[in-house]
Amino acid sequence: MRQSKSFIPTLKEVPNDAVVPSHILMLRGGYVRALAAGIYSFLPLGYRVVKKVCEIIREEMDAIGGQEFHLPALNPREIWEETGRVQAFGDTMYHLKNRDYVLAPTHEEIITFHARKVVKSYKDMPQTWYQIQTKFRNEARPRSGVIRGRQFLMKDSYSLDVDEEALNKSYRLHDEAYRKIFTRAGLNFFVVGASSGAMGGSGSEEFMVRSDAGEDVVAHCEGCGYAANLEVATSKIDPVGREKDSREIYEISTPNVKSIDELCAFLNINERQTAKSRVYICENTPVLILMSGNDEVNETKLQKALGADVRPAHPDELKEITGADAGSIGPVGFTGKIIADNRIKESNNLFSGANKNDFHIGGIDFLRDLPNIQYADLRSVESGEGCPNCGKPLGVFTAIELGHIFKLGTKYSASMGANYLTEEGEEKPIVMGSYGIGVERVIACSIEQSHDEYGIVWHKSIAPFQVHLLGLNMKKEVIVEASEKVYKQLTDAGLEVLFDDREDAQAGFKFKDADLLGMPIQVIIGEKKLAENKAEIKIRKSGERLEVPLENLAGTVKELLDKI
RNA sequence: CGGGGUAUAGCGUAGCCCGGCUAGCGCGCCUGGUUUGGGACCAGGAGGUCGCAGGUUCGAAUCCUGCUACCCCGACCA
């Protein structure tokens, strides 16, 4: 494609409202433009990337027997009423004003609608149906460019099976296909086994990419691949344990000592010798939580331990419940429920608040002094702690969810009456799975993972073009002639080439644009090298430069492409 | 939805506190010329309802009120 005739509006400066690298670079490179918050147009170059990603997805989905559909985005609301999801989605679902339609945020209902009409026998299964299509969600807060939009492209597939065992097979096939897809796209991803969540069903995995632009916090082990959402992640840490002799309880005057750090400094003790108290309200009843030192309470874990929602107590409630303000609260004398983190299970000689402002208590023995105490895993894993599987240090960081696979079970088939007849003539609901990939996220993650201060560094599999051919001075006849020849040679060899044939752009300008746009290979035709019948090749990723004879340039480029 | 921020030419911005503007600058754009290996130079030129609507004032980009849009943090997230 000739750049002189292409619409590639690159930007030298960073647009005011972009902050994450992928967003900045997509805008600067002329890949996308915003239409409104969370709504983006893909420009020609960007759409080429979209098509590349979709093609990889298609190939791998087809390879596991997937059949591509094209389903409507406009759906009658009543179909969504059948599963109660109009209410479940709430404000996230778009409703039309002048007809009783909704814009589909996903397609379980539509798939189930078709399945119940035609999939009537065990002989009709298994089926894997997929589509790559725009989804609409009225996100409360779109952000990070294309990463969280109100309208986005999603590949979603649905498996239809006769029973759990068959579902497991479909699920495994998707798991493998997803790994292939993300690997082919050049992504450095990892897989988090998640709880099934609001989708229902019995199992799910999330495919994640590490990124500062991510919205999920995960703990990940490079060593063995262990990965878990921070909400459920665990680690190997040393318990505080017990000292040989328990001291007596004693009260200490600790004026103006509020935090654990201040307490440690005041008493010249280690934070592991302290028990931090936090008060939560659970079903209108106060619960005292004890953590070791500065360990943070993980509210998700706490809710799981209590089996109900919690909220931190307000400051005025603290005083009423404990008789003290935050900073002086402790378990001794507390009459309500007490739960301590496993790290300080059955410990002794600990310091904590005295439930009296400006006083703390020392010598607390959980076994002796707190007969009704319970224990649970309540702390959030921190970076560097041991992996629960292999003991190597865990990394805790944010990540972007690229894909999610679910075992749905019969949630939708049962509520919508999508039943089939078994070999024995028994009527049963179809057992379903649901598998999604965020197409734009694949692109954004790729950029998040692969860029430098100059621009994007595309992985060859999803780059809009494999080669960026730069004719440096297109006012010189020799350069024009030579670069036209090279353009022909490369395209004839089946390479995808973006040819910077612009007459009015200077060399430096073209170099900057090429680095920004990020094609894996740059072929540079300049006067000096041309005198020796050579072109220069720059590998975008490494910055490496090679001088290559014009004859069989295409062959050399192909070899290089194979290597990177 | 709560908190914070921003809105001036296609992009990036100055001016706003302390009203006096005929709104300044860089990039980009147009014309002509020079240049040509890392976002060139010279000369000339076009381009603005200062987000919108009210108000205060002799006078508003600037002060006040309301609204809208966008960004960030949080809540939420099949």
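Lettering of chains follows the sequences in order, A, B, ..., and the numbering in each one begins at 1.
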Item to check | N or O in side chain of R141(A) less than 4.0 angstrom from C70(B) OP1/OP2 | outcome: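 No, no such contact exists.
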
Checklist entry - Is the shortest side-chain N/O distance from N16(A) to OP1 or OP2 of C11(B) below 4.0 Å? => result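 Result: no.
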
Using whole Å, report how far [atom1] of [X] lies from [atom2] of [N].
{"X": "Y454(A)", "N": "G39(B)", "atom1": "OH", "atom2": "C1'", "result": "12 Å"}
{"X": "L27(A)", "N": "G12(B)", "atom1": "CG", "atom2": "P", "result": "10 Å"}
{"X": "D216(A)", "N": "G74(B)", "atom1": "CG", "atom2": "P", "result": "12 Å"}
{"X": "D513(A)", "N": "G28(B)", "atom1": "CG", "atom2": "P", "result": "12 Å"}

Next on the checklist: Under the criterion of centre distance below 5.5 Å and interplanar angle below 30°, is F509(A) classified as stacked on the base of G39(B)?
Outcome noted: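 According to the criterion (under 5.5 Å, under 30°), no, F509(A) does not stack.
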
Check every strand shown and say whether [X] touches a base, only sugar-phosphate, or nothing at a heavy-atom separation below 4.0 Å.
{"X": "E139(A)", "value": "nothing"}
{"X": "M154(A)", "value": "base"}
{"X": "T83(A)", "value": "nothing"}
{"X": "R28(A)", "value": "base"}
{"X": "A37(A)", "value": "sugar-phosphate"}

Checklist entry - Rounded to the nearest 0.5 Å, how far does CZ of R540(A) lie from CG of D452(A)? => result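 Reported value, rounded in 0.5 Å steps: 4.0 Å.
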
Checklist entry - Can you find an N or O donor on one side and an acceptor on the other, under 3.5 Å apart, linking the side chain of K475(A) with the base of U35(B)? => result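 Indeed there is one.
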
Next on the checklist: Heavy-atom nearest nucleotide on RNA chain B for Q522(A) versus P15(A): which residue maps closer to 5'?
Outcome noted: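 Per heavy-atom nearest nucleotide, the more 5' residue is P15(A).
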
